[in-house]
Participant: 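Would you mind keeping the following structure in view while I ask a few things?
One-based numbering, in listed order, for ligands and for the atoms of each.
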Amino acid sequence: MESFAQHYESMCATVQKCMPGADMALIDRAVEYARNKHKDQLRKDGSPYIIHPLAVAEIVAEMGLDLDAILGALLHDCIEDTDASFDDIAKHFGTTAAELVEGVTKLTRANFSSTEEAQMENLRKMFMAMSKDIRVVLIKIADRLHNMRTMQYQTPAKQIIKCRETMDIYAPLAHRLGMQKIKWELEDISLRYLNPDAYGEIMSYLRAHQEQDEAFMRTIQDKITERLSAVGIHNTTYGRIKHVYSIYRKMQAQNKTLAELYDLYAFRVIVDSIPNCYNVLGHIHDLFNLVPGRFKDYISTPKPNMYQSLHTTVIGTQGIPFEVQIRTWEMHETAEYGIAAHWKYKQGGMGSNEKDFEWVRRLLESQQDTDAEDYVNSLKIDMFDDEVFVFTPKGKIVSLPAGSTPIDFAYAIHSGVGNSMVGAKVMGRITNIDTPLQNGDIVEVITSKAAKGPSRDWLTICKSNQARTKIKQWFKKEKREENILHGRSSFESEMRRLLLPMSALTEPELESHLLKKLAFDNWDDMYAAIGYGGLTATKAVGRIRDDINRALKAQEAEKTPKSLLRTSADSEALRHNRHAVNGVIVEDIESCMIKFSKCCTPVPGDAIVGFITKGFGVSIHRADCPNTQHKDDPKQAARWVRVRWANQDEQPFETTLELECLTRDGLLLDVATTMTAARVRVKELYGKDLPGGKSTFTVRFEVRNVAELESVRTKLLNIRDVIGSRRGQN
Ligand code: MN
């Protein structure tokens, strides 16, 4: 059994060594606070619980972290295991320390054991994403390290679970954070429990050869130091046997027994400056025979996890190869403690502001290769903005686009689950199905056999394409009648917009030709396709529009205007062949001034009406313009006149679209690029931010007709984060 005093003194000594001038009174208060809170709890070995936080704090101090992190480590189990609250800790030790404790608590509560290899990367990402502050991850790694060191007191079943989790999550994270020393220790302890036979075999081999190994390493070490002293290079040189797990991995990878493995030895030469690293390299190559192809310069090209050293493999006097790593003291610190070492080189600590990742900047400045970028991507905590990681009730992890809702989750599980969803529970509580999910949420879908299937709103609520596709599929299959109605009505309104008569569809000569062009067997099939979203009405009409117009013209030429023409008034106007002004023909008025209203900017193809203004001729509005709603008011009725577009060469018309968007950088550029690609002339383009992360873009541009306008509109709506559009109504 271990004593409080022993751990307390050891922790204090380490803190004073690693952080001279630290506020020991504050640390004492945290120790007392934690000791008091945990006073009724015992470790598995029967010792007082406080020993664990003391040991974790000591590891955190050794890493070189700051005072807040040490306080966080001392208090790290208080919220989880005692009645201490966030507010209470914040009151006594500051908000930062309290936030670190809370962050660790969140990680403790999440379940990071998964049996699926494919899930590992997601688990690691989620682990990082859940920790708002990198110090939370480091405290959690220290916590795990101490628990691993005291693993012998756990039950065998628990040992296996914890060691797997360590190999899956903690050791790779330590590696990524550049903390070699901790990574090795985690791996060696894990191997001891996960494969005791292999571990035992390697350990007894190493023990049996200990004297021999030490003698060999002493010879080499003496040879190196002798030479370096002779040329006046101040150095610290030592040899070591590679760590157990890396030997185990080599045996596995090369399928060799221990006796056949040669490169078990590694030597380190630590010097004061980078030029001396290269000097030492020259001397090593002079003293021993070089193994070709094994030299690596990680000083000029650091590893993604910031590791720097020169590596070379040479062959010693007895024909035994060994590796030599040459580095400066600063590189050594970084190699041992990784990211944590950077606290030591930055004044005032790193702080909790993620934007202030000094080392990330340094890393990006020093290395431009893709590896480094990958590394930063995988590391920087707020870089997973575009993904959210949640759990099924059984602990399976599901990765979804950020902002995803229980709807997305349900369809990610199975389309059957989504289609029969009637509600959802998040973290055990009933939640609206459009609530955005948070990292680490446990999501449960409530299904019912009586469910009526998805609603059309879901298509706009869900964030993942997967969900959207599956919902569309459902509508396609289950709701044919409804789809036909829906599709028919949008098709009809599109036809109306382009002044195409529906009767054309059933013209004996035309019908089969049009259906063939659209690739449908009958009109209902096409309406159904439009109804479930497989085809847009704009596209469908666009495909057959020219054919209908051609047929219309042919019929006119044959002087059989009746069948295809809309109204007798229309045919009347045609026969009169009135003079068109600005492309518009005003019924009953031979010649007049025409202007296009600014409120609704009509373009050819729009259904339009005219209003006789006082002194400015006839102003043309879209039929659906709000300003036309008083048309039937008896006082004004006489001033509204029938107008229509003349079939003349199409001249450009100005129109305005207002786009509703989710705010993001680069959106304006995307809009501009799309407009350019669509080859339309943009007269004006501006955006403004709205509350709630939304923004609007207003774009004024020229089109020839409604078909062109709709095609531009479709392209704009295809831009990511553009969620809606409106014709301008100034
Ligand atoms: Mn703990």
Participant: Hey, which of Q180, H175, R327 is the one that makes side-chain hydrogen bond (donor to acceptor under 3.5 Å, both in side chains) with Y307?
Facilitator: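 It is R327; the other options fail the test.
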Participant: With side chain to side chain donor-acceptor pair (under 3.5 Å) as the criterion, how do S47 and D45 come out once you've worked through the C-alpha distance, each side chain's angles and the decisive distance to 0.1 Å?
Facilitator: CA-CA 6 Å; S47 50; D45 67 341; 2.5 Å; yes
Participant: Could you tell me if E201 and Y205 have a donor-acceptor pair between their side chains, going purely by distance under 3.5 Å?
Facilitator: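 No, because no side-chain N or O of Y205 sits under 3.5 Å from a partner of the opposite role on E201.
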Participant: Provide the atom name of the closest N, O or S atom of D77 relative to the Mn ion (ligand 1).
Facilitator: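 Output for this pair reads OD2.
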Participant: Can you give me the NE2-the Mn ion (ligand 1)-NE2 angle for H76 and H52, to 10°?
Facilitator: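 So the angle at the metal works out to 90°.
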Participant: Tell me whether K183 is salt-bridged to E187, with the criterion being a basic N under 4.0 Å from an acidic carboxylate O.
Facilitator: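 Yes, charged N to carboxylate O under 4.0 Å.
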Participant: Need the atom name: nearest N/O/S atom of D143 to the Mn ion (ligand 1).
Facilitator: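 Result: OD1.
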